Structures are given as C-alpha cells and as structure tokens.
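A short write-up of the structure that comes next.
Just so it is clear, the model here is predicted, and its values are computed rather than measured. Both counts, for ligands and for their atoms, begin at 1 and track the order of listing.
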Amino acid sequence: MKPVRKRSCASAPAKVILFGEHFVVYGKPAVLAAIDKRIHVRVTARNDDKIMINSNMNFRGSFSRTKAERAVRKNFHSMTQPILAATIGAMNEFDSFTGLDIRIDAGFPYAVGLGSSAATAVATVAAVGSLFGRLSKQRICEVSLDAERIVHKNPSGADSAICTYGGLMLFEKGKEARPIKTRLDLPLVVVDSGVKRVTGKIVASVSKLRKSDSDVFDGLSNMSHGVTLQALDAIRRKDYAEIGSLMTLNHSLLRMLGVSTNTLDMIIHKALNGGAIGAKLTGAGGGGCVIALAGRNSQRNVLKSVRGYDAFATKLESRGVLIS
Ligand code: PMV
C-alpha cells in the first residue's frame, strides 16, 4: 500500500506523574497528568527506502530499510531505535513501507522524567500511521508502547497512555486507563535538576531492591497505594492543601526507595519555602525533574524560589495526541 498523503504532523503532550511512580510497574495505581508542553513530529514520504531522522533532542540518523528493521531487534543503544520501532510498527499496521524524513522537535526538556520518549513514540506512530489511513488512539498507544519496550525493558505503560489520551488519569498496569473527571486547575512549577538519566536503569535498580529487601519494598508500595487512593479522593474534592501534602509525602516514599538525590531534595525544600503547597520528584528520579503544586497566583513566587535551575510554570493539558 502506498501512502495516501505525502506529509503529516502529529504532536503529543509531556506528562507528570502526580502519584505512584515506580510502584505502578508492580501493579499499584498511579495518577498522571498531561501538561501544556508538546513534542511535534513531522513526517514526509521519500521516493527511496531511506529513513532519515533529525531532532532537536540531540540525535539523528540515516537508515536503509534493512538497517532500520535490524536496529529495531537489537538491545537499546541509541535514541533512534525506539523511533525506528514506532515508525516500522505504524507502517506494519497497514502492511506498508515507505522511506521517510522524520523531524522531531521537543518543546520541553528531554530525558528528565517528563515523558519525552513516550511522547515521541506516540506522536511518531500517529504521524506515520496517518500517511496511510486511520489508527485508533488505542492502537497508537499499543504500538508506541511496543517501541517504548526497546528503551525501558519493563515499562508500566503509564507514559504511553497519558501521552495518547491527555488530561488527568488513573493508571493501573494491564487495565484500561481511567480518565479522572475534574475541573481542578493544576498550577504546577516544573524544575529541571539538570541531571539527565535513563529511566530503564533506575527501574532496574528498584527491581534489585525489590528482590533484596522485599519487606521494605512491600511496605513502601502499600503506603504509596494508600497515598494515591487518598489523593484521588482529594482531587475529586478539589482539596489543594491535601493534594499538596500528599505529593510531599509521596516524595518521602520515593526517597526511601532510593530514587531521589540531594539536589532533588534541595529543590523541593526551596519550592516549599517559596510557597508551594506540595512538591515531589516526578518520573523515575535519579535526577530529572521536580514538580511543585503552586497555590493560586503563586507560580511566580515558586519560580523565584528555585532561581538558578531551569524551571517553568505549566498546567493540565486536556488534549492528548493530535494529528494535523
Ligand atoms: O521518568 P519517566 O518519565 O520515564 O517515567 C518513568 C515512570 C516509572 O514509573 C518510574 C516507570 C514506568 O514504566 O512507569
């Protein structure tokens, strides 16, 4: 089958995990939010079988069809692999292949816990798929999760789901993601510690701890479960004070799990002193970002309190993947 369009664009939002990261990998619930920053993917069909990838995230590559298909089967060693997997996965949905120019632009920091790899995979599947026909959101999510598996051996699937559907969601591995209906504003400040890390490595270190100290892990996991359920109730009641203090409590659990760092703890301390209602690391930890819940009109004060770090104010984004 030949592409029915020569070019297409898609975008997917960044995400934050408000509650439950890491424990979500082992079946506990997590609350995720899409935020108003996006990754844009532009694809143009070529007249040959080459796949050319270019990005402002510091990677690029040129692949023949055979090289692309081989790269997908290897262990993770380059940022282009999941993109090739997403591209080939999307074309397989239509039993097709074409050479492509793929341009990926991130409008937010990458490899810092904001879901850049999932958003890239989701937007790539959507853009490439739309050259040939229509893929449902469910299929976009599933195909992009397969691509994510190249980078993170055991992803929960939470990132792919939130980047596909947007909004605020309750996620449990293996179950259908559930949107949380609320009119909650989410005035957040995202602070980048400046330390990039690979999610798969941190997830592997947690898996090691789970095996060596199973009682400790189970205790933390049960507490995280309780915090997430309580947070869900607070979100439904729009109780900002409680949401904030549960975020800070969630961070303490992640610190005990060993995935925080001194820098992350220090940023959280500064943000809380600057008037944040609650703060925690978001995503895998080991570096990456902190999210702080700011009170009404206090995003500016929180931003001031973390001066010196790359930080931005953001809010909930209801829209997931978009195709144009
Ligand atoms: O750091 P990120 O954005 O890749 O988020 C990882 C979230 C984890 O719960 C640590 C792993 C997962 O697969 O859910």
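Of all protein heavy atoms, the one closest to atom 1 (O) of ligand 1 is Arg197 NH2, 2.6 Å. For atom 9 (O) of ligand 1, the closest heavy atom belonging to the protein is His22 N, 3.0 Å. Nearest protein heavy-atom neighbour of atom 3 (O) of ligand 1: Lys15 NZ, 2.5 Å. In terms of protein heavy atoms, atom 11 (C) of ligand 1 is closest to Val25 CG2, 3.8 Å. At the top of the distance list for atom 13 (O) of ligand 1, counting protein heavy atoms only, stands Ser156 N, 2.8 Å. Among protein heavy atoms, atom 6 (C) of ligand 1 sits closest to Thr199 CG2, 3.7 Å. When hydrogens are left out, the protein atom nearest atom 7 (C) of ligand 1 is Ile17 CD1, 3.6 Å; that is the closest non-hydrogen contact.
Within ligand 1, counting atoms from 1 as listed, the ones closer than 4.0 Å to a heavy atom of Val24 are 9 (O), 14 (O). Atoms of ligand 1 lying under 4.0 Å from at least one heavy atom of Asp159, given by number and element, are 2 (P), 3 (O), 4 (O), 5 (O). Of all the atoms in ligand 1, the ones that sit under 4.0 Å from a non-hydrogen atom of Gly283 are 1 (O), 5 (O). Ligand 1 places these atoms under 4.0 Å from at least one heavy atom of Pro155: 13 (O). Set against the non-hydrogen atoms of Glu21, the atoms of ligand 1 under 4.0 Å away are 9 (O).
Taking the ring centre of Tyr110 as origin, the terminal cationic atom of Lys196 falls inside the region bounded by 6.0 Å and 45° from the ring axis. Cation-pi geometry between Arg65 and Phe97 is met: the NZ or CZ atom falls under 6.0 Å from the ring centre, inside 45° of the normal.
Here the CD1-CG distance, from Ile17 to Asp159, works out to 5.5 Å after rounding to the nearest 0.5 Å. Here the CE-CD1 distance, from Met79 to Ile150, works out to 11.5 Å after rounding to the nearest 0.5 Å.
Defined by atom type and a distance below 3.5 Å, a donor-acceptor pair is missing between the side-chain atoms of Asp101 and Thr44.
Residue contacts with ligand 1 do not include Gly288, since none of its heavy atoms lies under 4.0 Å from the ligand.
Within the structure, salt bridge (charged side-chain N to carboxylate O under 4.0 Å, His left out) pairs that include any residue of residues 19-28 comprise Glu21-Lys280 (at least two apart or interchain). Residue pairs meeting the salt bridge (charged side-chain N to carboxylate O under 4.0 Å, His left out) criterion with at least one member in residues 312-323, sequence neighbours excluded, are Asp36-Lys315, Arg38-Glu317, Glu317-Arg319.
Salt-bridge annotation for Arg236 and Asp233: absent, with no side-chain N of the basic residue lying under 4.0 Å from a carboxylate O of the acidic one.
Remark: aromatic rings of Phe23 and Phe217 are close, center separation under 6.0 Å.
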